[in-house]
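Report on the following structure.
Basis for what follows: all heavy atoms, side chains included, without hydrogens, waters or symmetry-related copies. Residue numbers start at 1 and run along the sequence shown. Counting convention: from 1, in listed order, for ligands and their atoms alike.
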Amino acid sequence: MKEEKIELIKDGKRLSGRGFEELRPIKIDVGVLKRADGSCYFELGNNKALAAVYGPREMHPRHFQNAKMAVVKYRYNMAPFSVDDRKRPGPDRRSQEISMVSRKALDPVILRELYPKTAIEVYVEVLQSDAGTRTAGINAASVALADAGIPMKDLVSSVAIGKIDGEVVLDLDAKEDNFGEADMPVAMIARTNTITLLQMDGRLKKEEFERGLKIAMTGCRKIYELQRAALVEKYSKSGNEE
Ligand code: ADP
């Protein structure tokens with residue numbers, strides 16, 4: 001439901017006070033869930049996402065097994081209390097689509113062929129949402145996969161760009177997403193500049209798209225450094241006793 005249009009940029013600043021190419025504050029905690037093989041809590045501004053990874057473990061039902069490689073299952077779910085109005089619990093078309101594109105964003109880095117016939121299960125729970133939940137989920141899932149010890153070529157990092165009041169900006173919040181002209185989530189393997197997810201809601205001119213993609217890629221590189229630092233911090237602690 002769209003409310004009445006509001007001004008998103010005033011005196012050259014976004015409503016939040018952020019610059020056009022500035023990310024929201026990020027917080028990453030690795031290994032926060034004891035029962036999961038790997039887990040990560042990821043905060044992006046007012047988004048709070050939790051990822052849990054299980055596996056590789058036997059694939060059920062067995063007819064979904066792939067004899068050559070592991071199958072990655074990804075379930076994105078938004079908690080009923082994660083939005084302003086209570087969200088109807090359970091899967092819907094949006095969460096199914098986000099689950100699919102998120103899985104595809106991560107598939108290329110996972111060395112699936114090492115674990116034929118198994119499932120690698122990724123669960124992402126959004127506890128609080130403020131636009132950008134799929135990107136927060138992918139960032140969390142990527143770190144949780146590494147925490148689970150799943151062999152990967154690299155991490156995947158994700159952030160959206162968008163257009164608000166005619167300006168291309170990084171990392172839209174919910175107001176900007178709601179009242180803006182375009183929203184374009186991107187995921188990439190930061191070290192190789194390989195894009196693994198690119199979606200677009202709204203319209204961008206060619207030049208805006210190109211600039212936006214560059215800004216998103218720079219954002220992904222910053223997130224990559226934070227993901228790495230969070231993993232290094234956890235695994236440089238003595239013995240990793242959990
Ligand atoms: P993303 O969260 O990845 O940006 P969308 O663009 O679909 O995905 O959603 C933008 C934001 O809209 C969400 O982060 C959330 O704050 C809000 N939103 C999405 N679905 C619902 C819903 N069913 N009820 C209320 N708010 C929602």
So, are Asp92 and Lys87 salt-bridged, with charged N and O less than 4.0 Å apart? yes
Residues lining ligand 1 [heavy-atom distance under 4.0 Å, listed by chain and residue number]: Met78, Val83, Lys87, Arg94, Ser129, Asp130, Ala131, Gly132, Thr133, Arg134, Asp177, Asp183
Could you list all the salt bridge (Lys or Arg N to Asp or Glu O under 4.0 Å) pairs where at least one residue sits in residues 131-149, not counting sequence neighbours? Glu97-Arg134, Asp147-Lys234
Applying salt bridge (charged side-chain N to carboxylate O under 4.0 Å, His left out), name anything that partners Asp154, two or more places apart in sequence or on another chain. Arg191
Where the side chain of Ser158 meets the backbone of Val186, is there a donor-acceptor pair that is under 3.5 Å apart? yes
My understanding is that only residues two or more places apart in sequence, or in another chain, count here; which of them pass side-chain contact (heavy atoms from CB on, under 4.5 Å) with Arg203? none
Regarding Asp177 and Lys175, does a basic nitrogen lie under 4.0 Å from an acidic carboxylate oxygen? no
